[in-house]
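Report on one structure; see the data block that follows.
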Amino acid sequence: MRSPRHGGQGQPEIHEDEILGKAYDSRLALRLWRVTRPYRRVVLVSAFLFFPVAALELLQPYLIKVAIDSHILPGDWSGLTRIAGAFLLTLAGLYALRALQSYLMHLTGQRVMHDLRHRLFAHTQRMDAAFFDKNPVGRLMTRILNDVEAVSDMFASGAVAILGDVVTVAGIVVVMLAMNWRLALVTFALVPLLAASAAYFRRQARDAYRGLRTRLARLNAFLQESLQGMMVIQLFCREREERRAFEALNAEYRRAQFRSTAYDASLYAVVEAIGSAAVALLLWYGGGQIWDGVLTFGGLVAFIEYTNRFFLPIRDLGAKYAVMQAGMASSERIFGLLDLEPGIKPGTGPGRAGAPEHAAPEGAPPAVEFQNVWFAYEGEEWVLADCSFRVAAGERVALVGVTGAGKSTIARLLNRSYDVARGRVLVEGLDVGEWDPRALRRHVGLVLQDVFLFTGSVEANLRMGTDGAIGRDTLERAAALANARGFIESLPGGFGYGIRERGVNLSQGQRQLLAIARALVYNPAVLVLDEATSSVDPESEALVQEAMERLVEGRTSLVIAHRLSTVQRADRVLVLHRGRVSEEGTHAELVRRDGLYAQLYELQCGR
Amino acid sequence: MPARILLQHLRPYARRYALGFGCLALASLCALAIPWTLKRAIEALQAGAPAGELRQYVLLILALAAAHGLVRLGSRFAILGGSQAVEFDLRQSLYGHLGRLPLAFYQAHRTGDLMSRASNDLSAVKLLAGFGALSLMATTTAFVGTLIAMVAIDPWLTLYAMAPYPLLILLAKRVNTTVHRQSQAVQEQLGALSAKVQENLAGMGVVRAYTMEAGEVRHFQRLNAEYLRRSLSLARTQATFSPLLGLIAGIGTLVVLWIGGAAVAEKRITLGSFVAFNAYLAHLAWPTIALGWTLSIVRRGLAAMGRIAEVFGVEPDIRDAADAVDLPLDLGQASIEFRDLSFAYEGRGPALRNVTLTVPAGSTLAVVGPTGSGKSTLGALIPRLFDPPAGSLFIGGQDVRRIRLASLRRAVGYVPQDPFLFSRSIRDNLSLAVGPSTAERRAEAARVAGLADEIDGFPAGWDTVVGERGLTLSGGQRQRAALARALAADPPILVLDDTFANVDAAKEVEILHALREAFGGRTTLMITHRLRAAREADWIVVLDEGRIVEQGGHEALLAGSGLYARLWRIQQLEEEISRA
């Protein structure tokens with residue numbers, strides 16, 4: 001069997017996913033804007049809320065100024081109480097508005113994430129087998145789970161928050177200029193220094209953080225390799241050397257970490273120092289103005305407050321920028337995946353789903369026909385080369401051959417997991433390319449060698465793909481026919497018994513019986529069966545054999561056979577060798593012919 | 001035990017932490033001095049003091065701000081840097097400890113689980129030793145210092161201002177607990193969602209064959225919708241939590257404005273004190289809100305330390321005996337002897353039963369038999385990957401359990417069934433053996449393993465990086481590289497565990513001949529399922545269900561009608577078919 005599939009949960013690819021581009025890309029932004037369409041009202045409301053929030057924020061220092069100048073210094077207690085009341089109202093209002101806004105922003109982010117996840121998952125379900133060969137499970141999981149998270153963050157704390165900061169900063173600038181433009185200019189004089197040092201430290205911190213991530217990835221890769229290859233390390237007495245090499249990486253990581261910490265801490269220290277410097281400057285210049293009677297004490301206190309509120313958004317701009325950048329990079333990867341189209345186009349031909357036609361009328365086309373089929377998973381490495389055969393309606397055909405002869409490939413071509421390179425695959429006389437894929441796959445049932453059970457109840461596993469239109473009695477009948485009813489009913493919860501991942505809580509034999517029951521419920525007209533090679537205990541083996549016999553009975557079937565008994569019962573045996581049918585006939589005929597089949601047969605018996 | 005290990009790793013940095021805490025205390029002092037200076041300046045302004053005095057206060061604030069920045073940085077460098085040093089040491093100890101644990105440990109623990117302890121849990125411990133310690137200390141100094149300063153200004157005002165704090169702390173803690181619970185629920189659902197996606201993508205073949213796509217999307221949607229629901233309840237809690245900082249600071253301001261303002265009006269305190277008091281209250285907002293977060297860092301850090309301590313608690317059971325001796329082997333003494341050896345893996349039935357067998361020094365023994373017959377176990381016991389019972393396995397006449405591990409493993413070149421190559425250059429992979437592994441020795445080893453020509457053909461020759469992050473070698477190439485790696489150490493004993501499974505039969509025989517020519521005289525135990533290769537050995541042992549069922553030379557065994565003869569016939573047939 002050739003399966004170029006990469007399974008398992010690979011590590012998220014550091015290289016591809018670490019690339020950060022622009023924080024803003026108009027093409028991507030437009031597509032993202034379209035994604036938010038159902039929630040546009042929420043987005044607009046949360047954006048609009050910035051104005052009252054900014055207004056209340058601006059009002060607070062002003063209230064303090066009024067309190068000091070008009071009530072505290074003149075000793076007007078009742079006026080002070082009124083101002084305190086107003087201040088309380090602004091506090092309550094700000095809290096409520098901020099809470100509402102935070103919720104609305106998360107609401108949009110989460111909903112957009114939910115929708116994108118749905119679209120991505122549904123999209124992968126439309127993709128063909130070749131797509132999954134090229135895209136390892138780990139990468140697709142990163143798209144569906146992590147990348148959408150970054151996009152959600154962008155809505156919750158990136159793009160919209162930047163807008164809010166702009167509104168607040170602009171408001172403060174206007175108010176300060178209006179109150180006392182000279183003093184305002186003193187504060188603004190520090191802005192270039194603040195912005196420049198924040199930008200500098202932020203950039204250094206970001207680069208240091210990236211360096212840190214690379215070092216950590218290296219360290220962990222080394223550690224993982226050591227854990228996997230510990231036996232080799234011990235056999236070659238390399239413990240000390242490996243430990244030294246690990247120490248070098250560990251030290252590098254520690255240095256990178258310290259660098260990152262240093263820049264982070266410096267950023268906050270510098271911003272805070274500049275904040276204090278601003279207070280000192282205001283005190284110095286404002287003190288002079290108070291002497292001159294241009295400024296009141298309240299005005300000075302309010303200015304100090306405004307300055308504090310003014311510096312915070314400038315400091316945090318860099319962090320929000322990074323969120324935007326990550327979100328944009330992720331959305332680019334998401335849209336890249338959504339833009340991929342499946343290579344196999346669904347046929348528009350008649351969907352012949354429904355009741356399987358067991359008895360074929362006279363002169364009907366063969367149920368399955370391969371006409372000079374060529375196929376390669378990659379390039380010109382032909383797995384099937386000029387392969388031709390027919391299976392008549394109601395016929396039972398066994399397919400044999402050594403590993404790698406192309407047996408499983410035939411099964412995959414029949415349900416159009418892949419398209420042929422040359423030649424034609426016909427089902428009921430119709431090219432598989434012309435079938436509606438769903439109808440084709442209802443008609444040609446593929447029971448795979450590798451019994452893949454899903455997490456969920458036994459019942460859900462039996463109902464797979466039948467849209468729940470099947471009654472419980474049908475399920476029970478199928479289970480009984482498949483010799484599975486006995487063990488199912490002995491399980492705690494019977495048909496409701498929860499199967500764990502890949503059926504680890506069932507025995508090998510039980511899994512095979514369930515697979516047969518599942519196929520009986522699915523009830524396809526043409527059955528393609530990839531027989532299990534793995535052996536089960538003799539008792540289960542007898543049950544499996546009997547169940548298999550009932551499944552195949554009265555149905556057109558093509559069985560990739562690994563058991564001698566299966567071959568002996570077949571109407572016809574096809575021997576596949578080097579990608580084509582090299583011998584065919586009944587078991588007895590082939591044994592007498594003394595060709596490849598006879599040797600295979602002898603080998604079977606010898607074991 | 002976990003706390004003990006942590007303390008042990010903290011001790012070397014006691015001074016560093018003391019310095020950090022000292023800096024932190026100084027930083028708090030500076031932070032408190034700035035509002036105090038502001039207070040004095042405003043008082044001076046009100047009193048109409050000369051410009052010179054005001055300038056002094058301004059300069060003092062600037063100096064305090066600079067000093068505050070510096071000592072604050074100092075405290076972070078000391079404590080966060082200290083926590084990074086602790087993490088470094090812990091990681092190094094852990095790595096060293098892992099290097100001593102036997103193969104059985106690695107078979108019982110998944111790599112992912114160990115990785116998570118050595119990486120995520122270690123980070124949590126670092127957070128505890130760094131930000132956790134810093135934050136606990138900073139919160140304490142902030143509360144103590146600020147309270148003292150506030151009481152100095154006006155005890156009553158302090159009492160009023162602090163009145164809402166117990167409630168606020170309680171509230172912050174409660175919300176924090178809710179946030180924690182709800183994020184757990186979100187994480188859990190994310191786990192379910194990712195398990196679903198993983199299962200679906202891995203089982204895509206079945207999904208397609210049974211046209212389950214629509215049903216799968218529906219199922220995914222159910223999980224996805226539940227994830228949305230849980231995330232939104234978390235968002236609701238967070239929405240009440242995140243503006244809390246502003247509210248707490250605001251309430252302080254309100255109290256000061258109203259009650260403090262009245263005090264200023266009544267001339268009980270100065271306007272300067274009023275301003276300073278306000279600044280002090282603002283200092284308290286962040287530590288209050290961060291208290292819950294700090295406590296959760298401590299809790300998580302301790303739990304993580306517990307998981308790491310579990311690994312430290314595993315004692316390596318394969319190690320040097322107290323009276324261990326070196327193995328002074330020259331080629332003539334490297335005999336291997338099994339004396340009535342029985343062995344079982346923990347919790348399983350016997351893998352080997354009563355095996356008695358001698359491999360004379362310099363001879364080659366082939367071990368054959370069906371899968372699961374105990375062949376690999378026999379080989380793995382020789383370098384003590386698993387420990388044989390005492391008195392059952394002797395090398396050069398010495399019980400292996402009394403031989404120093406390093407000496408034993410240097411003497412035994414063991415080539416495993418599934419060779420593991422490191423993602424390094426082919427040169428580094430072939431120079432794993434400690435000692436003088438010269439270029440000639442490597443080249444000779446590569447030649448014998450039939451790898452020399454291929455290495456020359458690699459893009460960067462000997463410098464080509466192989467494995468996961470480099471050139472992907474075929475199974476056969478990997479096996480031959482592993483053989484060359486063992487040969488480069490020039491060991492007197494070779495154990496080849498089905499080393500040529502992925503090498504074609506003709507090549508295998510070729511390698512065996514080259515091996516005999518260049519490395520003749522090594523005592524060799526060759527485990528193989530190919531009888532054509534076994535034929536090259538001096539003596540053949542057939543194992544079945546852990547017992548020796550047949551032994552002898554090739555011809556003699558073939559003449560019998562036992563397992564060996566039957567396996568031989570099957571293999572002949574297989575070869576014919578593959579040639580057809």
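Quantities reported herein were computed from a predicted structural model and do not represent experimental measurements.
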Worksheet item: A:Gln224 and B:Thr111: side chain to side chain donor-acceptor pair (under 3.5 Å), yes or no, with the steps?
Response: CA-CA 7 Å; A:Gln224 179 160 6; B:Thr111 309; over 6 Å; no
For [X], is it the side chain, the backbone, both or neither that has a heavy atom under 4.5 Å from a heavy atom of chain A?
X: B:Leu244; answer: both
X: B:Arg236; answer: both
X: B:Ala85; answer: both
X: B:Arg424; answer: side chain
X: B:Leu98; answer: both
X: B:Ala67; answer: neither
X: B:Leu80; answer: side chain
X: B:Ser242; answer: side chain
X: B:Leu64; answer: neither
X: B:Leu271; answer: side chain
X: B:Ile42; answer: both
X: B:Ala406; answer: both
X: B:Leu45; answer: both
X: B:Ala44; answer: neither

Contact origin within [X] toward chain B - heavy atom pairs under 4.5 Å:
X: A:Met113; answer: side chain
X: A:Ala519; answer: both
X: A:Asn415; answer: side chain
X: A:Ile68; answer: side chain
X: A:Leu219; answer: side chain
X: A:Ala460; answer: neither

Practice prompt. Could you check B:Phe77 against A:Phe258 for ring-ring contact (aromatic ring centres under 6.0 Å, His included), going step by step and ending with a plain yes or no?
Written response: CA-CA 8 Å; B:Phe77 284 3; A:Phe258 191 74; 5.2 Å; yes
Please check: side-chain N/O of [X] versus main-chain N/O of [Y], any donor-acceptor pairing under 3.5 Å?
X: A:Gln125; Y: B:Ala214; result: no
X: B:Gln92; Y: A:Arg243; result: yes
X: B:Tyr57; Y: A:Leu283; result: no
X: A:Gln234; Y: B:Gly99; result: yes
X: B:Arg76; Y: A:Ala262; result: no

Worksheet item: So how far is it from B:Gln46 CD to A:Ile290 CD1, rounded to the nearest 0.5 Å?
Response: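 Between atom CD of B:Gln46 and atom CD1 of A:Ile290 there are 8.5 Å.
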If you count heavy-atom pairs within less than 4.5 Å of chain B, which of [options] leads?
options: A:Trp284, A:Tyr253, A:Trp291; result: A:Trp291
options: A:Ala277, A:Ala273, A:Ala129, A:Gly456; result: A:Ala129
options: A:Arg98, A:Arg240, A:Met231, A:Glu239; result: A:Met231
options: A:Ser226, A:Gly445, A:Ala67; result: A:Ser226
options: A:Phe87, A:Tyr268, A:Tyr522; result: A:Tyr522

[X] NZ/CZ over [Y] ring centroid, <6.0 Å and within 45° of normal:
X: B:Arg409; Y: A:Phe236; result: no
X: A:Arg254; Y: B:Phe88; result: yes
X: A:Arg117; Y: B:Tyr227; result: yes

Practice prompt. May I ask you to name which of B:Ala235, B:Ser194, B:Ala482 has the most heavy-atom pairs under 4.5 Å with chain A?
Written response: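 Ranked by contacts with chain A, first place is B:Ser194.
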Discussion item. As an exercise: rank B:Leu257, B:Val197, B:Val264, B:Leu408 by heavy-atom pairs under 4.5 Å with chain A and give me the winner.
Written reply: B:Leu257
Worksheet entry | Whether B:Tyr95 and A:Phe246 hold their rings parallel, tilted or perpendicular, with breakpoints at 30° and 60° |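 If you compare the ring of B:Tyr95 with that of A:Phe246, the planes turn out parallel.
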